[in-house]
Each structure stands twice: as structure tokens, then as C-alpha cells.
Amino acid sequence: MGPHPAVAAIRLAVRRVLHDVITEHQAAHPAAHPQQPHRPGQQPPLVLVACSGGADSMALASALAFEARKLAVRAGGITVDHGLQEGSALRAAEVCVRMTALGLDPVESVAVTVGREGGPEAAARDARYAALDAAADRYGAAAVLLGHTRDDQAETVLLGLARGSGIRSLSGMAAVSGADGRYRRPFLQLDRQTVRKACVAQELAVWDDPHNTDPAYTRSRLRHEGLPALEKALGKGVVEALARTAQLSRDDADALDTWAADAEAAVRDETGFLECAKLFGLPPAVRRRVLRRAVIAEGAPAGSLFARHIEEVDRLITGWRGQGAINLPGRVEARRQGGRLVIRQG
């Protein structure tokens, strides 16, 4: 008798990602091919799972441990202690015990200090990814698996829509992201209910973070109030439709980003400044991407740069009335000067 359907689904999703990681590792290290002997000191690629102890990440940890035993992959786990709740260090230690019991090695708990910039959710996310990046570098991991599901994707699309940040915001989370494709999200095509069923079927102990039901957090309100209201008004299938929108938006955004990258060189003069007349001739979606790239290149943090900032810079091109410099995040300013757009940190 085979595994429970939900367990089979999560294992298949992880297996596909691991095959990708192995293929990439073999391409980068030809001597690591399974038909060839390993060089002295050379090991199979290490894949880490980011595990909070919740249902999504515990199901992911379990599937990684199971599949890694059958493939040329080492499997480990990292849990991040944000220090935002009483007893968080003890819970992080418990998560490490559970990951070790699954057979993951290495296993580590990393404590972080969460700042305030961008709000509590964004600050916690920034601290978490910084810790995961550091852990991946420390262990030389080929990939870090994240347990985001199709439901998380739908929530991300709605949050992007609410911010009015354009098509890139609507593209949600990528299946592969981060430096050199470090982060992998095997569960983006699976719903949260399937993942929870897999935990029940395997009798995995999970921890439900109270922040996930706290109405003080935007994503929590969206999960427990916003999405159910949409499904009541529009019928079932909203989550699937939003996830499909994310993929279509990502394809379009990628194409426009490529166009903008190619166009940028053509709208600069011989000294490297952007020429306003040439910028004006670009399609608006491409022009705004060129402007965003230029502003980030001068030091503006991408996460703090919103659509309204780029719209203000764009008006220096399309609605020039002699206005002064535009102040942007990261102490960057943009001004029109002699038919050129001058962007600098100052």
C-alpha cells in the first residue's frame, strides 16, 4: 500500500526540486556525477529546509528527509528564532529536535534581532532571510527550501494588488529566487490543506504560530477575513485563479524587464546620463523599468522603492514643468538638467 495521497504529492514536489538541484550541481561540478568517483573531500550537494515548526515547513522537512535518502543529496535544516514571543528559544530548540529525528543533518537554530524598518512583518522577513543566507553560506548549501503554498501565493498577489505596485507585485513569489537561485519553493502548486493532511497522515507534531491568527498583522487579516470574503462573493477557485495570475504576471514582467535592460543602453548619452527625449519615446512600462533600474543602481533600496516614487521621477520626463529634484529612498535624488535625467546619491 502506497503513502497517503497528500504525502505522495508533497514528496513528488520535493523530488522534482531535488532533481533540479542535482542536475545543476553536476553541471557545476562534473566530477560529482553519480557514475564518476567523488574527488577527495567532495560531497553531494547540501539542501537545507527553512523550518518554523508549522505544518507547511514540517511537511517540507519530512519530504526532504525522505527523498534525500534515495538521492545523491545531503539534507539539513535551519530554524530562525525571531525572539518575538515568550519561549521562542525553547520552541526553536524543539524544532531542531524534530528535524534531527527526521534524519536531517546539519540542524541549527539561529537567533535574530528584528528591527522596525518597513513594519513588523517586513522587518521579521528581512531578518529571517539574512539569517538563512548566512546559514547557507556557512554550510555551503546548494539550495534552501521554503514551505510557501499556493494559498500563500494568493495572499501575496492580493497584498501586491493592494499596494498598487504594478505587475511585478502581482507576480507573487517565484519558484526559484535569491542569489544563484538559492531559494526553492516546491509547494507553490499545492494548497495548504494538502500540506496539513500530509502532516496528519505522518503524525508530525506541528506548531501553529499565534501571529498567523493575530488580526494586528495584515497577512493574518487577509487570510482569515479577506480571502474567505472573496470566496463567499465570487465562489470557490479564487486561490487557484490568483496563483495563476501570479504566473502570468511573472511571465509578462520578466519579458518587460528584459526589454528595459536592452533599452537602457540606447537611452544614455556618451557620458552615461539618461537622455529625456529618448526616454520619452519608450513605452511607459519599459521607461518606468529603466528609471527603476537607474535609481536602484545609484543606491536606492529596492524594497523601499514604490510605484509612487517611480511615477514622480517619470513626471520629470513626461510632465516637465520646471519642477525641482525628487527625493527618493536611500538619500537618492533625481533631477532634470539640460535635457538629461541626473540621478545621484546625495
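All values below come from the heavy atoms of this structure, side chains included, with hydrogens, waters and symmetry mates left out. Note that this is a predicted model, so its numbers are computed, not measured.
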Spell out, as yes or no, whether a donor-acceptor pair under 3.5 Å connects the side chain of [X] to the backbone of [Y].
| X | Y | value |
| --- | --- | --- |
| E240 | K236 | no |
| E67 | L18 | no |
| R308 | L305 | no |
| R289 | A260 | no |
| E231 | L227 | no |
| Q247 | T245 | no |
| R336 | G322 | no |
| H309 | F306 | yes |

Quick one: list whatever passes salt bridge (Lys or Arg N to Asp or Glu O under 4.0 Å) with [X], sequence neighbours left out.
| X | answer |
| --- | --- |
| K232 | none |
| R335 | E333 |
| R219 | E155 |
| R128 | none |

**Study point:** Minimum side-chain heavy-atom gap I78-V110 below 4.5 Å
**Key:**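 Answer yes - side chains close enough.
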
Exercise for review: Return yes when atom CZ of R344 has more than 12 non-hydrogen atoms of other residues, nucleotides or ligands closer than 6.0 Å, and no otherwise.
Suggested key: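 Open: at most 12 neighbouring heavy atoms sit under 6.0 Å from CZ of R344.
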
Would you compute the distance between atom [atom1] of [X] and atom [atom2] of [Y] and round it to the nearest 0.5 angstrom?
| X | Y | atom1 | atom2 | value |
| --- | --- | --- | --- | --- |
| L274 | E264 | CG | CD | 6.5 Å |
| L161 | T156 | CG | OG1 | 12.5 Å |
| D56 | F187 | CG | CZ | 7.5 Å |
| D191 | Q189 | CG | CD | 11.0 Å |
| D269 | K278 | CG | NZ | 7.5 Å |
| R69 | L64 | CZ | CG | 9.5 Å |

**Study point:** Ionic contact status for R182 with D133, cut-off 4.0 Å
**Key:**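 A salt bridge links D133 with R182.
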
Side-chain H-bond candidate by donor/acceptor type, [X] with [Y], under 3.5 Å:
| X | Y | value |
| --- | --- | --- |
| D152 | T149 | yes |
| S88 | D81 | yes |
| S62 | R11 | no |

Exercise for review: Under the ring-ring contact (aromatic ring centres under 6.0 Å, His included) rule, collect the residues that match up with Y129, sequence neighbours excluded.
Suggested key: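 Once residues adjacent in sequence are excluded, the partners of Y129 under the ring-ring contact (aromatic ring centres under 6.0 Å, His included) criterion are Y183.
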
Exercise for review: For D208, check side chain to side chain donor-acceptor pair (under 3.5 Å) against everything at least two apart and list the hits.
Suggested key: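 D208 satisfies side chain to side chain donor-acceptor pair (under 3.5 Å) with R196 once adjacent residues are dropped.
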
Check your understanding: Does the pair R293 and D257 meet the rule for a salt bridge (Lys or Arg N to Asp or Glu O under 4.0 Å), with working shown?
Key -> CA-CA 9 Å; R293 286 168 57 90; D257 285 347; over 6 Å; no

